[in-house]
Structure formats: structure tokens, C-alpha cells
> 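Mind looking over this structure? Questions follow.
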Amino acid sequence: MDFWKWVFFGFLCAALVLRIGAVELGRNQPTERISGSAGDVLEDNPVGRLKVFVYELPSKYNKKILQKDPRCLNHMFAAEIFMHRFLLSSPVRTLNPKEADWFYTPVYTTCDLTPNGLPLPFKSPRMMRSAIQLISSNWPYWNRTEGADHFFLTPHDFGACFHYQEEKAIERGILTLLKRATLVQTFGQRNHVCLKDGSITIPPYAPPQKIYAHLIPENTPRSIFVYFRGLFYDVGNDPEGGYYARGARAAVWENFKDNPLFDISTDHPTTYYEDMQRAVFCLCPLGWAPWSPRLVEAVVFGCIPIIIADDIVLPFADAIPWEEIGVFVDEEDVPKLDTILTSIPPEVILRKQRLLANPTMKQAMLFPQPAQPGDAFHQVLNGLARKLPHDRSIYLKPGEKLLNWTAGPVGDLKPW
């Protein structure tokens, strides 16, 4: 029986090699522009469509924190740092707050790292409250709207809920003082307390220079069918194994660890970026949060992202046609991944690859320094510009207050 099973499996692998051979053509084919409104949105230029006033805060809220730990420049939450730097020299910046459409408060709430480089969110609420108290006391603009014309970067695992464990993030909820502001965050999940209406979902930060340094020739064959490197279990934080990634990563390992079509491992080789460029499909499963840097890496490297995160809200979804470039697999369907992927027609794979090869798609997922037209910085500005003009209802009547400054956990109310 085992002999015939392996004979059959050999025929299956041979057939898939032929399919992959056809798919490899996608590396050399012309790129394809995104059709319709999404393509127009992706290529929008926000300059001239909005003006942003950047509050000048004491350096303890940003620069001094970074000086204390420069590792913050390279972790996946670093968008808050680079967005600040970008806006300081951006043509959308105005030094006259009276003509501003939006107000930005540069607070580096994720730059509190453990020795292992993991961000700790526990001081973030107090730090954010302190910054808001400062701008509401020193400038009149917050008090006009209680933040409805302000935006904040909150790139934590669960955004402005400020916790890395979902259960506790839900229990905390969004920091009360941010409930009228526009939040620019990596976290996005439909019908979740940590995603408020009107938020702008952005990609996590992936160091552009590091990515560019690992590019390989475009005619390199994509000889790997499915690729993934990362945790399948988080024994330290989830010893029973059912909570981390809602069991989806564990299901990938248990079902496909011995499948030769799946190049999956917990090892993180030095050729990680090169390997992604040799793969047809790259798994992008949820972890503790639904998003991860793999989304950015897959798009930039032209590897079709397999998105395994129910109800995820993806970055710049009004500009990037995720349904056309990726493959969505429900968490409960992970055991059928091999059947799902091997049944996708080659012509569908080729079209996804042509769309992924579009330079505008890749640019929109990165925060390069210096900034480039159409990059993630500009996509954020596009999102803010599309919210203008503000509705007159955001402005409060004299003496009117809507936010409760004393709401939330007692620990959040302590001075920072």
C-alpha cells in the first residue's frame, strides 16, 4: 500500500512541477495595472489636497525615547517614527495651525522594548494621555473637536487597545481619549472593539533597505510551491496550544509538515527573503494578531499571499485589490490547503503575479527613506485626504464635552 501511495504522490508532484513551470513565466511577463477605481486611488497624489499641522512636543515623547533604544527603528511598529520624520519635511505640512485640515501628535508609544526586542505596551496609554493633556492645554485645536480632526499612529498588535493579547486588549478597549480621533494602525479586523470606524489600516514596517539588498534576478524560477517560516506554536505564552493563531498555524504544521509541496519550518534562514522570491505561494497566517510583516514581504517579492485570518481588514484596502492578488483561506479550511492551492488554474496564478509585479503595488507597502511617490506615507495621506472636508458636526459647542477623561483602568490614569 505504501508503495502505491508514494507512486501516486510522485505523479502528483510531477504534475505540479509542470504547473509551476507554467507559473514561472509570470516572472518575465508584463506587469498589469490595477483596473478601475482601485488603480486610480493607488496612484493618487495627496499633495495639494490636505494640510497637516505637526505638534512640537517635548523630546521625551519621541526623540529621547528613540535615543534610548535605536532598535525601535527596525521593528515592525516603526511606522510611527518614520511617519513623523516624513511629515516634518512633507509639502503637506503647514506651520500655520489655523489653515490645517489635520493635526498630528508624534508620540512613539511602541518604543519600549524588552531585551529580546519585543515592544511592551503597558506604558503606552499613560504616555498617550499625557501627550493629549499637553496639546489640549497648550493649543486650542484639540478642544474644538476633542480630537475629531486629529490623527494618531497606533501600530501596536491591537492598535489603541494597547495590549498584545487579544483577550486583554478587548477587555481594555480603545483608549477613551482616542475615540473621536482617526487612528492609523496595523491592526484591522471586522467587528472588533479595537478597530473603530474610520481608521486607516496600514502595513507593518519592513526595512526597505534590507528588502532591496536581497532582491534576486527576476528570471529566477519559482521552484517552491508553498513557503513559510515562523512559529507554529507559542509554548511560552500558550502552553496548551489552542489560543495562539486560533490554532491555524498548528493546523498548518500538523497537516503539511511532511508534504513535499510545503516548504515550512520554524527555522529562519539567512536566505529567507531570497526563498520568498523563489516561491509561488507564501503563507500569511495570523499570529497573536491577524496581521504580520509577511504580507508586506510577500507583495514586495511577488509571492502570492495566502491570507489565513478570518475577518482581517487589510492595508489600504480601497487601493490594493487583495482579492485579486491574494488567496483567502478560512481558518477552518487550513487542513484543505493543499487541495485549495493545487486547484487554482495556472492562468489565475499568472494574473496574480502580473498584478504583484506592478511597481505601484510594491511601493504602497513600504515606508522608504527618503519617501517616494505612491509609497505607504502617501497612501496614509490619501486616506486622510479622502475624509475631507470634515463634517461641521465634529465641532463642539462652547463648553461641550463628550469624552470622559477619567474612564479606563486605574493604572492608565497615573502620571507618565
Side-chain angles (χ1 to χ4, degrees), residues 49-62 80 83-84 87 92-109 121-154 156 158-163 169-185 187 192-200 380-381 383-416:
R49 297 167 55 214
L50 77 166
K51 292 183 178 180
V52 177
F53 179 76
V54 179
Y55 287 111
E56 290 189 24
L57 301 186
S59 60
K60 69 175 185 175
Y61 291 98
N62 39 63
E80 63 182 0
M83 193 73 197
H84 181 203
L87 285 171
V92 306
R93 183 189 182 191
T94 177
L95 300 178
N96 179 5
K98 294 182 179 179
E99 65 177 22
D101 301 297
W102 288 100
F103 296 81
Y104 168 65
T105 308
V107 188
Y108 299 171
T109 58
F122 308 118
K123 298 177 184 176
S124 302
R126 289 190 289 131
M127 185 180 181
M128 188 67 81
R129 282 179 56 87
S130 173
I132 293 173
Q133 287 172 333
L134 181 69
I135 63 172
S136 65
S137 300
N138 292 1
W139 290 273
Y141 309 106
W142 171 273
N143 299 316
R144 298 183 311 180
T145 66
E146 287 194 320
D149 53 357
H150 288 55
F151 70 94
F152 294 82
L153 262 76
T154 55
H156 280 281
F158 291 93
C161 288
F162 295 125
H163 208 286
I170 291 172
E171 183 181 332
R172 290 186 55 86
I174 292 173
L175 185 69
T176 301
L177 296 185
L178 294 177
K179 288 191 174 179
R180 285 175 58 81
T182 289
L183 302 181
V184 179
Q185 60 186 58
F187 173 74
H192 198 286
V193 298
C194 298
L195 180 69
K196 67 187 290 289
D197 289 343
S199 297
I200 296 174
V380 171
L381 295 182
L384 293 170
R386 286 192 289 275
K387 294 177 178 292
L388 299 175
H390 294 297
D391 192 281
R392 295 300 303 173
S393 64
I394 71 168
Y395 297 97
L396 304 181
K397 298 173 184 176
E400 184 181 9
K401 299 287 183 184
L402 297 178
L403 298 179
N404 183 356
W405 283 72
T406 60
V410 175
D412 290 359
L413 306 181
K414 296 178 181 178
W416 178 72

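Just so you know, these numbers come straight off a predicted model, no measurement behind them. Keep in mind that the numbers below use all heavy atoms, side chains included, and drop hydrogens, waters and symmetry copies.
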> What I want to check is whether the side chains of S130 and Y61 have a donor and an acceptor closer together than 3.5 Å.
yes
> Could you check F103 against R144 for side chain to side chain contact (heavy atoms under 4.5 Å, CB included), going step by step and ending with a plain yes or no?
CA-CA 12 Å; F103 296 81; R144 298 183 311 180; 3.7 Å; yes
> Ignoring hydrogens and geometry, is there a side-chain-to-backbone donor-acceptor pair from K196 to L178 under 3.5 Å?
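Flag not set: sc K196 to bb L178 has no pair under 3.5 Å.
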> Nearest 0.5 Å, please: how far is CG in L57 from CD1 in I135?
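Result: 7.5 Å between the selected atoms.
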> Is it the case that the side chain of E80 and the backbone of T109 share a donor-acceptor pair, with hydrogens and angles ignored and the cut-off at 3.5 Å?
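It does hold such a pair.
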> Do N62 side-chain atoms and Y108 backbone N/O form a donor-acceptor pair below 3.5 Å?
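No, because the side chain of N62 does not come within donor-acceptor range (under 3.5 Å) of the backbone of Y108.
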> Are H150 and Y55 an aromatic pair, judged by ring center distance below 6.0 Å?
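That pair passes the under 6.0 Å test.
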> Can you classify the ring geometry of H156 versus F162 as parallel (below 30°), tilted (30 to 60°) or perpendicular (above 60°)?
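Geometry flag for F162 against H156: perpendicular rings.
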> Identify the two heavy atoms, one from L87 and one from L381, that lie closest to each other, and give their separation to 0.1 Å.
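Residues L87 and L381, closest heavy atoms: CD2-CD2, 4.1 Å.
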> Does the side chain of K51 reach to within under 4.5 Å of the side chain of L95, using non-hydrogen atoms?
no
> Walk me through whether L153 and Y104 qualify under side chain to side chain contact (heavy atoms under 4.5 Å, CB included).
CA-CA 9 Å; L153 262 76; Y104 168 65; 4.1 Å; yes
> Measure across N404 and T176 and return the closest heavy-atom pair with its distance rounded to 0.1 Å.
O-CG2, 3.5 Å
> Given side chain to side chain contact (heavy atoms under 4.5 Å, CB included), test F122 with H163 step by step and report yes or no.
CA-CA 7 Å; F122 308 118; H163 208 286; 3.6 Å; yes
> Which heavy atom of C161 sits nearest a heavy atom of R172, and at what distance?
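Heavy atoms of C161 and R172 come nearest at O-NE, 3.0 Å.
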> With a 6.0 Å cut-off (strictly less than), is the heavy-atom count around NZ of K387, excluding the residue itself, greater than 12?
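Above 12, so yes.
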> Just so I know, are the side chains of E99 and F53 near enough to count as touching, which here means a heavy-atom distance under 4.5 Å?
no
> Please report the closest heavy-atom contact between A131 and T105, naming both atoms and the distance.
CB-CG2, 4.2 Å
> Only pairs at least two apart or in different chains count here, so list each ring-ring contact (aromatic ring centres under 6.0 Å, His included) that has a residue in residues 386-405.
W102-H390
> Which heavy atom of Q133 sits nearest a heavy atom of S137, and at what distance?
O-OG, 2.8 Å
> Please answer whether the main-chain N or O of L183 pairs with a side-chain N or O of T154 as donor and acceptor at a distance below 3.5 Å.
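Between the backbone of L183 and the side chain of T154 there is no qualifying donor-acceptor contact (under 3.5 Å).
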> Give, for atom CZ of F152 and atom CD of Q185, the distance between the pair rounded to the nearest 0.5 Å.
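Answer rounded to 0.5 Å: 13.0 Å.
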> Atom CD1 of I394 and atom CG of L402: how far apart are they, to the nearest 0.5 Å?
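Taking CD1 in I394 and CG in L402, the distance rounds to 11.5 Å.
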> If you look at every heavy atom in K179 and L403, which pair is closest and at what distance?
CB-CD2, 4.5 Å
> How long is the straight-line distance from CH2 of W142 back to CG of D149, given to the nearest 0.5 Å?
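D149 atom CG to W142 atom CH2 measures 9.0 Å (nearest 0.5 Å).
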> Is it true that a side-chain atom of R180 and a backbone atom of T145 form a donor plus acceptor pair closer than 3.5 Å?
yes
> Would L388 and R49 satisfy side chain to side chain contact (heavy atoms under 4.5 Å, CB included), going step by step from the backbone distance to the final call?
CA-CA 9 Å; L388 299 175; R49 297 167 55 214; over 6 Å; no
> Starting from the C-alpha separation in whole Å, work towards a yes-or-no answer on side chain to side chain donor-acceptor pair (under 3.5 Å) for D391 and S393.
CA-CA 5 Å; D391 192 281; S393 64; 2.7 Å; yes
